[in-house]
2 protein chains.
Amino acid sequence: MARQARALATRQAVLLAAAEVFDERGYAAATMSEILDRAGVTKGALYFHFHSKEELALAVIEGQGAWVATWTPSSDSPVQTLIDLGYAFAHALQDDPLLRGSIRLTIEHGSFTQPQIAAYQGWMDLVRDLLQNARDAGELRPGIDLVAASGVITGAVTGIQLSSQVLAGRRDLIRRMADLWTLLLPGLVQPQVLARLNPDEQT
Amino acid sequence: MARQARALATRQAVLLAAAEVFDERGYAAATMSEILDRAGVTKGALYFHFHSKEELALAVIEGQGAWVATWTPSSDSPVQTLIDLGYAFAHALQDDPLLRGSIRLTIEHGSFTQPQIAAYQGWMDLVRDLLQNARDAGELRPGIDLVAASGVITGAVTGIQLSSQVLAGRRDLIRRMADLWTLLLPGLVQPQVLARLNPDEQT
DNA sequence: GGTAGGATACCTACTGGACGGTATGCGCCC
DNA sequence: GGGCGCATACCGTCCAGTAGGTATCCTACC
């Protein structure tokens, strides 16, 4: 187990390169050669750390779990926290190639249905917990189905992100997130709470 | 140009099989052999009608234009028409393999950015026109940005559809659409109009 | 503190197979 | 009988993965 520093570095280089290529091309169209070139690593090195293309993809998918783990709530208002999470996610998508690749692999359904469902479910659980807090704090409108709402929010963010990616290379992602919250919040929270919230990004 | 009936039949068979395979596997992972097997057609026949894999994919993408062309408004309320369009789209996704394949190819960004953007834009234009009618009919809340709203709606439907596909094979798509409208409508339409609308499916 | 020796980390050359595409030929309808 | 519609055999390429060798490091014993 005594890992060497160099080994960790190459492992990270491979992971990063793989995430980039998976993000740009998708799993099937991504080739090992391109990942190797971009990582500046030889085949032997790669296959020492990851035994197959699929295993490499699974490791990339794990990346979003790591990202969520580092995230911390930002506000005392659960709904505002949810909004801020959306923006934090959007910024990470623009800056963090590993998260990008992870999301693309999660979204395109291919060979690994199981990890994908787990990843989706993780997001939905996170959102549902925040909504539960919001209900406890009296922020939500009555009659909201938490599971349904978390499904809608997760799905909508997925779609917003995807269309922004296809149409504008994710450049207008922040604006689209603001548009989404503007439309979504009135159906989600109490009117008097709505006035307190900021659907745009906090600066 | 004097096409024979048999030729049209094989062309349709190829198109249908291709849409199915593209829907299930995505463009890159789809193989010509599987399309050939499923269409019950030989390579020569296929390549007589479509000169390359890419050309075949483009023909499949066209399918959604054809679907939209056959669609007709259902209600005198523009917003209700928009809702019904969503459900009609959802049902078509469950029943029409050609539309399914077309949507998958549009959503996964790969080699053909141009037709994809055109397809997206077509949906957004359609939604924006309906919203414009809704504004003219006094159904919309004041201050709604039509372009932003059409982007959000199109994106959200895309995401809802995608998550339903990954998580449940599109089986819960209708329910998720209802959840979406329930959450979205209060931010979109005037309160007194909201009471008249039916966010669930018309039967 | 020098060195044996095993484990860790990596390199290069290669392989089998599948894939998209083509060349050529043949029947059958107008 | 000519061209439309299709069948079959084939080709070059590229891909994921592997075999087997080599360098680099860690440990331990003197």
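Lettering follows sequence order; numbering is per chain, from 1. On a predicted model such as this, the values are computed, not experimentally measured, just so you know.
Looking at B/Arg175 and B/Asp179, a side-chain N of the basic residue comes within less than 4.0 Å of a carboxylate O on the acidic one, giving a salt bridge. Under 4.0 Å is where a charged nitrogen must lie from a carboxylate oxygen, and between B/Asp23 and B/Arg170 at least one such pair does. In this structure, A/Glu24 pairs ionically with A/Arg38, as a charged nitrogen and a carboxylate oxygen lie closer than 4.0 Å.
Remark: P of D/dT18 and CG of A/Leu46 are 12 Å apart, rounded to the nearest angstrom. We find that CD of B/Glu34 is positioned 14 Å from C1' of C/dA18, with the value rounded to whole Å. In this structure, CD of A/Glu55 is placed 14 Å from C1' of D/dA16, rounded to the nearest angstrom. Counting to the nearest Å, the P atom of D/dT13 and the CE atom of B/Met32 are 20 Å from each other. Distance A/Leu36 CG to C/dC11 C1': 12 Å, rounded to the nearest Å. If you take OH of B/Tyr47 and P of D/dG5, they are 19 Å apart, rounded to a whole angstrom. Atom CD1 in A/Ile35 sits about 11 Å away from atom P in D/dC15, given to the nearest Å. For the pair B/Asp37 CG and C/dA18 P, the computed distance is 13 Å after rounding to whole Å.
Phosphate contact (OP1/OP2 of C/dC19, side-chain N/O of B/Ser33, threshold under 4.0 Å): present. Phosphate contact (OP1/OP2 of C/dT22, side-chain N/O of B/His51, threshold under 4.0 Å): absent. Side-chain N/O atoms of B/Thr10 include one lying less than 4.0 angstrom from OP1 or OP2 on D/dC6.
B/Ala9 comes within contact range of no nucleotide atom at all, as no heavy-atom separation falls under 4.0 Å.
Nearer to the 5' terminus of DNA chain D, by closest-nucleotide assignment, is the contact made by B/Thr42 (compared with the other of B/Thr42 and A/Ala28). Mapping B/Gly44 and A/Lys53 onto DNA chain D by nearest heavy atom places B/Gly44 closer to the 5' end of the strand.
A donor N or O paired with an acceptor N or O is found under 3.5 Å between the base of C/dG21 and the side-chain atoms of B/Lys43.
Among the nucleotides C/dT8, C/dC11, D/dC6, the one closest to any side-chain atom of A/Ala45 is C/dC11. The side chain of A/Thr31 approaches D/dA16 more closely than any other nucleotide in the set C/dG20, D/dA16, C/dA9.
Side-chain atoms of A/Gln190 do not come within 3.5 Å of backbone N or O of A/Glu139 as any donor-acceptor pair.
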Candidate pair B/Glu108 and A/Arg104, rule salt bridge (charged side-chain N to carboxylate O under 4.0 Å, His left out), full reasoning: CA-CA 9 Å; B/Glu108 71 171 23; A/Arg104 164 120 197 209; 5.5 Å; no
